[in-house]
Amino acid sequence: MALLSPRWRRAPGASVPSDHANSAIKIVHPVSGRWESLALLLAALAVIASVAGYLMLRPQKAGPPIPLSWQVRSFDGLGPVDQAIHSALLPAGEEIIWFNNDTGGWITLERAQKILLPPFYRDAFWKTNGEVHWQLILPGTHQPHAASGDVHADAPITPPDQTANKVSQATQGQGATVYYGSAGRAPGQSAYLLVIGHAHAGVMWANQATIWIHRNPNAPYPGIVKPESLVGDGWRQIIPYNGASEVERVKGTQP
């Protein structure tokens with residue numbers, strides 16, 4: 001420790017001169033202390049105002065997803081019959097995809113009768129919802145499955161395009177499998193397409209089902225089942241917006 005110079009040495013118990021004590025203690029006031037407090041207060045008020053404004057202006061209930069011009073919501077955009085057919089096609093599509101993954105084949109309309117698979121199975125549900133005439137169109141062609149046997153009595157049947165689908169042929173049979181429903185008799189009924197995009201690349205499997213409707217129940221089978229072509233022919237894709245999605249929307253967990 002450095003030693004004090006002789007001029008600052010004092011005997012034990014001796015008092016410090018008053019002028020020296022005053023010079024040793026000096027209070028330094030902040031130059032901008034008043035402005036800093038004011039700025040902090042204004043920042044806090046701005047944060048509070050922003051949060052309050054967000055809570056007041058945000059919508060209390062978010063609306064359902066807005067469909068595009070070529071889409072329709074299944075929850076509130078379909079009539080009772082179309083909604084019933086769509087509700088049956090959703091699990092049917094999953095069943096068909098799993099069957100194809102396991103066997104490499106497709107569920108024919110005959111097999112659908114044996115396994116009681118709606119909406120293809122001709123039971124009370126089928127009769128109540130228009131007795132729709134179904135056809136199975138395999139990949140790479142626009143001709144119905146030869147052994148479909150799905151004859152619809154007294155129903156005007158528009159034969160599918162007999163020309164081969166060039167797009168499907170170019171993919172060497174990796175095109176779409178389609179279940180085409182038409183000639184329904186229920187009032188306000190549509191025509192239906194269950195399109196299963198089918199592609200095998202090595203060991204990679206890619207199956208995905210989409211459902212389309214046409215306001216004309218006797219709409220002919222489209223020449224090409226690509227989305228752009230379907231939209232041009234008047235088909236509309238159904239968005240599977242169901243009751244579970246509505247519950248999530250009301251609870252605020254879904255936009």
Side-chain angles (χ1 to χ4, degrees), residues 57-94 96-97 119 129-130 132-137 139 142 156-161 163 165-168 170-171 174-199 206-255:
L57 297 178
R58 70 170 182 172
Q60 297 298 323
K61 293 184 178 180
I66 300 175
L68 301 177
S69 60
W70 49 274
Q71 295 177 325
V72 58
R73 285 195 301 260
S74 64
F75 192 76
D76 56 1
L78 300 178
V81 176
D82 288 345
Q83 195 170 67
I85 298 293
H86 174 262
S87 298
L89 284 175
L90 281 176
E94 296 294 329
I96 293 170
I97 289 174
N129 293 285
V132 177
H133 168 69
W134 292 97
Q135 298 181 62
L136 168 59
I137 292 85
H142 272 188
I157 301 174
T158 303
D161 188 0
T163 60
N165 186 344
K166 296 180 180 179
V167 177
S168 298
T171 58
Q174 297 186 26
T177 295
V178 182
Y179 291 80
Y180 164 55
S182 63
R185 300 175 177 177
Q189 189 161 40
S190 304
Y192 313 98
L193 291 177
L194 173 62
V195 181
I196 302 177
H198 179 60
N207 287 338
Q208 183 178 7
T210 57
I211 302 175
W212 299 74
I213 64 169
H214 197 290
R215 292 305 182 189
N216 179 10
N218 298 311
Y221 185 80
I224 299 177
V225 291
K226 297 296 182 181
E228 297 83 358
S229 180
L230 292 177
V231 172
D233 290 340
W235 293 86
R236 301 175 69 189
Q237 183 182 5
I238 302 178
I239 302 176
Y241 187 70
N242 51 25
S245 300
E246 178 67 10
V247 172
E248 293 178 359
R249 183 189 67 83
V250 172
K251 292 183 178 180
T253 57
Q254 175 175 296

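Please read these numbers as outputs of a predicted model, since none were measured by experiment.
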Asks: Would you name the heavy atoms of Pro119 and Leu89 that are closest together and state the gap between them?
Replies: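 Looking at all heavy atoms of both residues, the closest pair is CG-CD2, 3.6 Å.
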
Asks: What pairs with Pro217 under side-chain contact (heavy atoms from CB on, under 4.5 Å), at least two apart in sequence or on another chain?
Replies: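 Here no residue qualifies.
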
Asks: Just how far is it from atom OH of Tyr221 to atom CG of Leu193, taken to the nearest 0.5 Å?
Replies: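 Rounded to the nearest 0.5 Å, the OH-CG separation comes to 6.5 Å.
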
Asks: Quick one: does any side-chain atom of His214 pair with a main-chain N or O of Ser182 as donor and acceptor, under 3.5 Å?
Replies: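 Not a single qualifying donor-acceptor pair exists.
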
Asks: Taking all atoms of both residues into account, what is the closest heavy-atom pair of Pro222 and Asp233, and its distance?
Replies: CB-OD2, 3.8 Å

Asks: Over all heavy atoms of both residues, which pair between Asp82 and Gly188 is shortest? Give the atoms and the distance, please.
Replies: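 So the minimum-distance heavy-atom pair works out to OD2-O, 3.8 Å.
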
Asks: Does the side chain of Ile213 reach to within under 4.5 Å of the side chain of His86, using non-hydrogen atoms?
Replies: no

Asks: Is there a side-chain contact (heavy atoms from CB on, under 4.5 Å) between Val195 and Lys226? Walk through the geometry before answering.
Replies: CA-CA 9 Å; Val195 181; Lys226 297 296 182 181; over 6 Å; no

Asks: For Trp235, give me all partners under side chain to side chain donor-acceptor pair (under 3.5 Å), at least two apart in sequence or on another chain.
Replies: none

Asks: For Val225, which of Val178, Ile137, Thr177 qualifies under side chain to side chain contact (heavy atoms under 4.5 Å, CB included)?
Replies: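 Looking at Val178, Ile137, Thr177, the match for Val225 under the side chain to side chain contact (heavy atoms under 4.5 Å, CB included) is Val178.
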
Asks: Partners of Gln71 by side-chain contact (heavy atoms from CB on, under 4.5 Å), sequence neighbours excluded?
Replies: Pro67, Leu68, Gln237, Ile239

Asks: Can you check side-chain contact (heavy atoms from CB on, under 4.5 Å) on Gln208 and Ile196, steps first, answer last?
Replies: CA-CA 5 Å; Gln208 183 178 7; Ile196 302 177; over 6 Å; no

Asks: Of the non-hydrogen atoms in Asn129 and Ala84, which two are nearest, and what is the gap between them?
Replies: OD1-CB, 3.5 Å

Asks: The criterion is side chain to side chain donor-acceptor pair (under 3.5 Å); which residues satisfy it with Tyr179, sequence neighbours excluded?
Replies: none

Asks: Could you grab the distance from atom CD1 of Ile85 to atom CG of Leu194, nearest 0.5 Å is fine?
Replies: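 Those atoms lie 12.0 Å apart.
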
Asks: Looking at Arg215 and Ser190, what are the two nearest heavy atoms and their distance?
Replies: NH1-OG, 3.7 Å

Asks: Measuring from Ile238:CD1 to Leu90:CG, what's the distance to the nearest 0.5 Å?
Replies: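 CG of Leu90 is found 8.0 Å from CD1 of Ile238.
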
Asks: Please report the interatomic distance CH2(Trp134) to OH(Tyr180), rounded to the nearest 0.5 Å.
Replies: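 If I round to the nearest 0.5 Å, the distance is 10.5 Å.
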
Asks: Supply the atom-to-atom distance Arg236 CZ to Arg73 CZ, rounded to the nearest 0.5 angstrom.
Replies: 10.5 Å

